[in-house]
**Student:** 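This structure is in structure tokens; I'll ask about it shortly.
Note on naming: letters A, B, ... go to the chains in the order of the sequence lines (proteins, then strands), and numbering restarts at 1 for each one. No hydrogens, no waters, no symmetry mates; every other heavy atom, side chains included, goes into these values.
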Number of protein chains: 2
Amino acid sequence: MNKTRGRVTLPSEGNFLNETKELMERWGADAIRDSDGTKLDDDIKQLDAKIYTTYFVARGHNDFAENRIEECQQLYLMSMFNTAVSETVEIDFMKGYFTEQVQPDYIHDPKKYWEVIDRTTGEIVEPDNWEVDEENNCVRVKKAIPWHEYTVSFLVFAIWDPTHMYNHITNNWGDKPHDIPFDVRGPQSNEYMRSFLTQWLRDNPDTDVVRFTTFFYHFTLVFNNLGKEKFVDWFGYGASVSVAALDAFEKEKGYRLRPEDIVDQGYYNTSFRVPTPAFLDYMDFIQKFVAEEAKKLVDLVHESGKEAMMFLGDNWIGTEPYGKYFEKIGLDAVVGSVGGGATLRMIADIPHVRYTEGRFLPYFFPDTFYDGNNPVLEANENWLTARRAILRNPVDRIGYGGYLSLAYKFPEFVAYIEKVTDEFREIYDTIKGVKPYSGLKVAILNSWGKLRTWQTHMVAHALWYKQIYSYLGVLESLSGAAVDVSFISFDDVISDGVPEDVDVIINAGDEGTAFSGGEYWKNEKLVSAIRSWIYNGGGFIGIGEPTACQHEGHYFQLATALGVDKELGFSLSIDKYFVQPVKEHFISADTTTFDFGESMKNIYALTEHTEIIEYSNGEIHLSAHPFGAGRTVYIAGLPYSEENSRLLMRALYYAANKEADFKKWHADNIYCEVHAYPSIRKMAIVNNSMEEQTTVVYDGEGKSKTVTLVPSEIRWEAFPNEG
Amino acid sequence: MNKTRGRVTLPSEGNFLNETKELMERWGADAIRDSDGTKLDDDIKQLDAKIYTTYFVARGHNDFAENRIEECQQLYLMSMFNTAVSETVEIDFMKGYFTEQVQPDYIHDPKKYWEVIDRTTGEIVEPDNWEVDEENNCVRVKKAIPWHEYTVSFLVFAIWDPTHMYNHITNNWGDKPHDIPFDVRGPQSNEYMRSFLTQWLRDNPDTDVVRFTTFFYHFTLVFNNLGKEKFVDWFGYGASVSVAALDAFEKEKGYRLRPEDIVDQGYYNTSFRVPTPAFLDYMDFIQKFVAEEAKKLVDLVHESGKEAMMFLGDNWIGTEPYGKYFEKIGLDAVVGSVGGGATLRMIADIPHVRYTEGRFLPYFFPDTFYDGNNPVLEANENWLTARRAILRNPVDRIGYGGYLSLAYKFPEFVAYIEKVTDEFREIYDTIKGVKPYSGLKVAILNSWGKLRTWQTHMVAHALWYKQIYSYLGVLESLSGAAVDVSFISFDDVISDGVPEDVDVIINAGDEGTAFSGGEYWKNEKLVSAIRSWIYNGGGFIGIGEPTACQHEGHYFQLATALGVDKELGFSLSIDKYFVQPVKEHFISADTTTFDFGESMKNIYALTEHTEIIEYSNGEIHLSAHPFGAGRTVYIAGLPYSEENSRLLMRALYYAANKEADFKKWHADNIYCEVHAYPSIRKMAIVNNSMEEQTTVVYDGEGKSKTVTLVPSEIRWEAFPNEG
Ligand SMILES: [Mg+2]
Ligand SMILES: [Mg+2]
Ligand SMILES: [Mg+2]
């Protein structure tokens, strides 16, 4: 194969010109970027490559931000719960917070902007019944009801950018000044961000791509009094709040938000909370503002003849790429970090940009690149999970981050990436813009719908949590599966019904969360629309606690369709006769060992029509059920694995009543997959594992053959001529 | 030891005189009973023993009951859920029911007494919009909303007594007539029950004790269309419902019940449901009626010079021995079946009777008494668990059931029971009426309080269910522990606060159940009373999902007192730093392996003050926490075992802040216990196991010594003279 070039971005650093050239050559890189801590030398900027330069809009300008506390970013925070042991409660509301990050806002009247809440009743305490002691950061509640609990919701100024704070503390930067985040909603800040960028664009003629990191508001990241992470929500709107924003919101939406609309009992409207109408309004309000302001910066970039790229992270709040205002920003590109297939698709599927770029793992940092460790393993794993997704929809570019000099010390790694970059370009050149064969159309149904495309069940970006991995597996499986995936919201279904072209709906999550749906399932329009749709032939897969909301005799509101419900104790008196698993089932035909992850307890069958596929420990973990002309499947949990990916695919085909199509373009071996591209008459047979695999491969015309693939192999074949 | 006699009841049967005499002698029996299937011969009735005769009030009188369908017992039943696929729904409401047991009541106007409910909205369907097709047992709903689900709540006549039905079907009694249960609320039935008993008392001069089995209303037991159990609730009021009862209720309570008040979404108000005010009113109404009517029968018995005994089972609904009307019945005695310590205490603690009797296991039935099986094992286990409870409060008599001739064939068994009966009499003669030493006063807090004393978390009497054993262990442990136990309700605490003399409150159960409390925990009086009480020095132990009800930022409403809460997903963004277990703790000092039974997931510590005792799989299963001067303990579940009994005792002493008293009258070995009786200066050291045990024993004055006990031994010792 001839050496190819392009679609690859390298980080570089000072005093590394020759090695950079060598790696550019070997990896076929055509772009070079700086990093948070590195600056590019002039000679590197003169190489035959696009130059990306990181740009921070709303921090790193302390000359401007200092002494402008009134335009500093703000947050609403909630104090701890305080039990009244008498009629007076003293609330040390800053307890547990990091005073180097946040300081109470005493500029704006606490009586207007703060709230003291009786958390035993949920009632607001009259402002006359409390006072603020500014000297001691203390709220004194009078006429409290003894043994009720009280919280204070209060405004603070954020005086340290969270990412800067994190890096500063982690790397012991000592008395290096703290980056102060300013709010571009302030008139001086707004003027400043534009004039500074204008000048900066003039001062950086070698920059081809301005890499915004990101725009105005950091995802919520609050530290505790020990300088450690206290609260992290990658979707959190906390830092977008300010007095100016609250006032503008009232003007725009016609009503005033309460602090509680933001503080949300201390849950801060994480994406696991079923969103309130007020919070949805607030998000809309921020997204619109962010898009308008970001567009101004992008326009400046374009006027200077450069490209505008956005990093999907850090200060990305309000820019949601699947939101309704994103298109207006006018970006050229988005770059984001790739942790696996789902995060790859999260980037690759972004509409309204000319190109997307995935930053691959591992980062060239000493935690991976140290003597005795083989970084190839992590790179190989990352590549295999991402490749599945790339074969469905490729990002336009890949790149790396960190210290290039570190990676350079690992020749095997350099050689492996040389192979990966070539393989990426080969895939890209073959299939970009080509619709891959999809056997089914799958819709993920939750409170967020399209807005959080490929982003369900996430807390901090791509971190593992015990409570989420059994659901994240579903997205990861789908990201590289031969199905079309869309994300729809309950509100979508309530107002427009189930979209025409969906074969199977998936509802996955724990009861009460935005992903399962909570009280939404009491909405008669929602349940009616879905019942009707299934009954008329639709497929529905429930995972975990789907449609769960105790109401009128059922916990799962689609229990009669699912054929299962969860025993909460109320129906223990009802005999549970249906406990015999079927001998074999289409869904479990490739499964040797079931793994439901955190799984779900106390699921039982409602009727003899429930096809019990897995029953153990006195409960069902996998079952199917007919409902009219449609079918449903229940799964207790589905962490990502090759076996579970296959199980999910079979469940989808079964639910869709299309088992006959299952082996069209198919590999029997669960570690292998077939991706077909009918319009170019090509297919890729891939080995997703790091071992050799032998598999029967089925083409789209019912023919099969046995092939053996070396570890990680991707084999391209043209469609057979005949047929 | 001299042979003692008395306090023992034997079953007997026909043609078994000499063996009966022999067993009476060896077991020291002073009473003989018949059984459901057996009749006593005249010669047996002349033995020197009290004769118990089983008496059925409201069944077994088909001559009377036949052709009196209007006074037959009734039930409200709910149909299955029916999905409307068009504007008309045909509901085959009898589907799944057993027509030999129940038949629709078409005598009373369905439009008045039935209800069709839209279970999607919870709304009642206008009677104009449905009609009954009596010929086909079908309800036709018109103007249904497509894709909503509909149920019919309908009245039936119960034409077969459930216990008779069960025995009939189990024993293949063929075309033996079915006992028809009649309702003594009917005027003819009421007259009949009294006149029949009057005559019966005359006809049975040898009977000393009339053993009522029981009175009027069977616990709810409904069979399915295959003649198998469909619904069983040992506390169920289903069979007490009738048109007459509904009308009388309205007159007495001033409002009319809806069918839904009884049907309860198909859950039928099992004791796991937080009771509604209407259902509590209904129970009160039935209990009052049952007590009044039962009193009339008891008076007749007394007038005839006999004793009235009630069997705690079968038709016991409305007679609740811990209820407020029980005393009025005027019974001499209650007999019940003993499955372990908790059921023993359920009988022994019954107030307002002259004596109680426990029927011990095993039943003399062929399922235990067959060649090759050793019934001594079951008897020994039953005795050891019951003996713990007897040492706290003895029943006044013990007895056995089944076929005496079967038991007679097992000489080792006969010899073992000889030993048990002597041991029982020795215990009884030593401690009856003597207050045993109690180190603490413990209150079980739930929706039912005193009414369901020793009866929490039960479905069918003493059967094992996956969802209850982790809570039943608490009762079983307490039944033989050196603590005083009371049962209090949320309403008690709301109206009167926590009783003065309680040291520790236990709240145990799954979220939403009557035992945990559900929405009760939103009641500010309840949470305030308990917070205040703990803060001022009380102890609180939460097991499973204590105080659980998602509200204002917490799932456990006493989270700040407990120091733990459960992660439902809403607070995943909050860092959980408190995961380090303490090195050792008073509560776990005797535990080698933790067993939390079904356990509980996702429990986490709220602060650094939470003393984590067991942490595994990323969650807490055992912890303690200070709250003011009080202490709390969280336990994920506590199935019964010697080890868990000890853990609970330690948790109680820790919560009560009385660790220093823990070893007063104490045995170090977890298989042994010490019961002390200060007023008679005696103590019993018991080996609760079937192996030899060596233990250090502590007396009440701080002295200790080592003793070795043979399997199952009980050793009586006088208090030391000095001190
Ligand atoms: Mg250039
Ligand atoms: Mg006699
Ligand atoms: Mg729950």
**Student:** Count the heavy-atom pairs under 4.5 Å between each of A:G266, A:G122, A:A84 and chain B, then report the option with the highest count.
**Tutor:** A:G122
**Student:** Can you tell me which portion of A:I530 sits under 4.5 Å from chain B's heavy atoms? Options are side chain, backbone, both or neither.
**Tutor:** neither
**Student:** A:Y268 versus chain B, heavy atoms under 4.5 Å apart: side chain, backbone, both or neither?
**Tutor:** neither
**Student:** Could you check whether any side-chain N or O of B:Y150 sits under 3.5 Å from a backbone N or O of B:I145, counting only pairs where one atom can act as donor and the other as acceptor?
**Tutor:** yes
**Student:** Go through the atoms of B:V222 and report whether side chain, backbone, both or neither lie under 4.5 Å from a heavy atom of chain A.
**Tutor:** neither
**Student:** When A:F515 is tested against each of A:Y471, A:F272, A:Y520 for ring-ring contact (aromatic ring centres under 6.0 Å, His included), which residue passes?
**Tutor:** A:F272
**Student:** Side chain, backbone, both or neither: which part of A:Y465 has a heavy atom under 4.5 Å from chain B?
**Tutor:** side chain
**Student:** Would you please test B:Y166 and B:E229 for side-chain hydrogen bond (donor to acceptor under 3.5 Å, both in side chains) and show each step?
**Tutor:** CA-CA 9 Å; B:Y166 175 84; B:E229 185 184 288; over 6 Å; no
**Student:** Give a yes or no on whether the backbone of A:H551 and the side-chain of A:Q557 come within a donor-acceptor separation of less than 3.5 Å.
**Tutor:** yes
**Student:** Please determine if B:K230 forms a cation-pi arrangement with B:Y97, meaning its NZ or CZ atom is less than 6.0 Å from the six-membered ring centre and no more than 45° off the ring axis.
**Tutor:** yes
**Student:** So which residue, B:S573, B:G553, B:G628, ends up with the most heavy-atom pairs under 4.5 Å with chain A?
**Tutor:** B:S573
**Student:** In terms of heavy-atom proximity below 4.5 Å to chain B, should A:T270 be classed as side chain, backbone, both, or neither?
**Tutor:** side chain
**Student:** Side chains of B:V85 and A:Y535: closer than 4.5 Å at any heavy-atom pair?
**Tutor:** yes
**Student:** Where on B:L606 is there a heavy atom nearer than 4.5 Å to chain A: the side chain, the backbone, both, or neither?
**Tutor:** neither
**Student:** Measure distances from A:N536 to the heavy atoms of chain B and classify the residue's part below 4.5 Å as side chain, backbone, both or neither.
**Tutor:** side chain
**Student:** Looking only at heavy atoms, what is the nearest atom pair of B:A514 and B:N446, with distance?
**Tutor:** O-CB, 3.6 Å
**Student:** For the interface with chain A, which of B:T560, B:D510, B:N269, B:T607 has the highest count of heavy-atom pairs at distances below 4.5 Å?
**Tutor:** B:T560
**Student:** Let me know if A:N617 has heavy atoms under 4.5 Å from chain B in its side chain, its backbone, both or neither.
**Tutor:** both
**Student:** How close do B:F556 and B:V564 get, counting heavy atoms only, and between which atoms?
**Tutor:** CD1-O, 3.5 Å
**Student:** Could you check if a side-chain atom of A:E567 sits within less than 4.5 angstrom of a side-chain atom of A:L572, using non-hydrogen atoms only?
**Tutor:** yes
**Student:** Could you look at A:K228 and say if it's the side chain, the backbone, both or neither that has a heavy atom under 4.5 Å from chain B?
**Tutor:** both
**Student:** At a 4.5 Å cut-off on heavy atoms, which part of B:F627 comes close to chain A: side chain, backbone, both, or neither?
**Tutor:** side chain
**Student:** Any chance the rings of B:H554 and A:F81 have centres within less than 6.0 Å?
**Tutor:** yes
**Student:** Give, as side chain, backbone, both or neither, the part of B:T83 having an atom under 4.5 angstrom from any heavy atom of chain A.
**Tutor:** side chain
**Student:** For each of A:E524, A:E619, A:Q550, tally heavy-atom pairs with chain B at distances under 4.5 Å, and name the one with the top tally.
**Tutor:** A:E524
**Student:** Under 4.5 Å from any heavy atom of chain A, what part of B:N224 do you find: side chain, backbone, both or neither?
**Tutor:** side chain
**Student:** Can you tell which of B:R273, B:E149, B:K522, B:E598 has the highest number of heavy-atom pairs within less than 4.5 Å of chain A?
**Tutor:** B:E149
**Student:** Given the options B:S271, B:S532, B:A460, B:G569, which has more heavy-atom pairs under 4.5 Å with chain A than any of the others?
**Tutor:** B:S532
**Student:** Please tell me whether B:N602 and A:Q467 have a donor and an acceptor in their side chains that are separated by less than 3.5 angstrom.
**Tutor:** yes
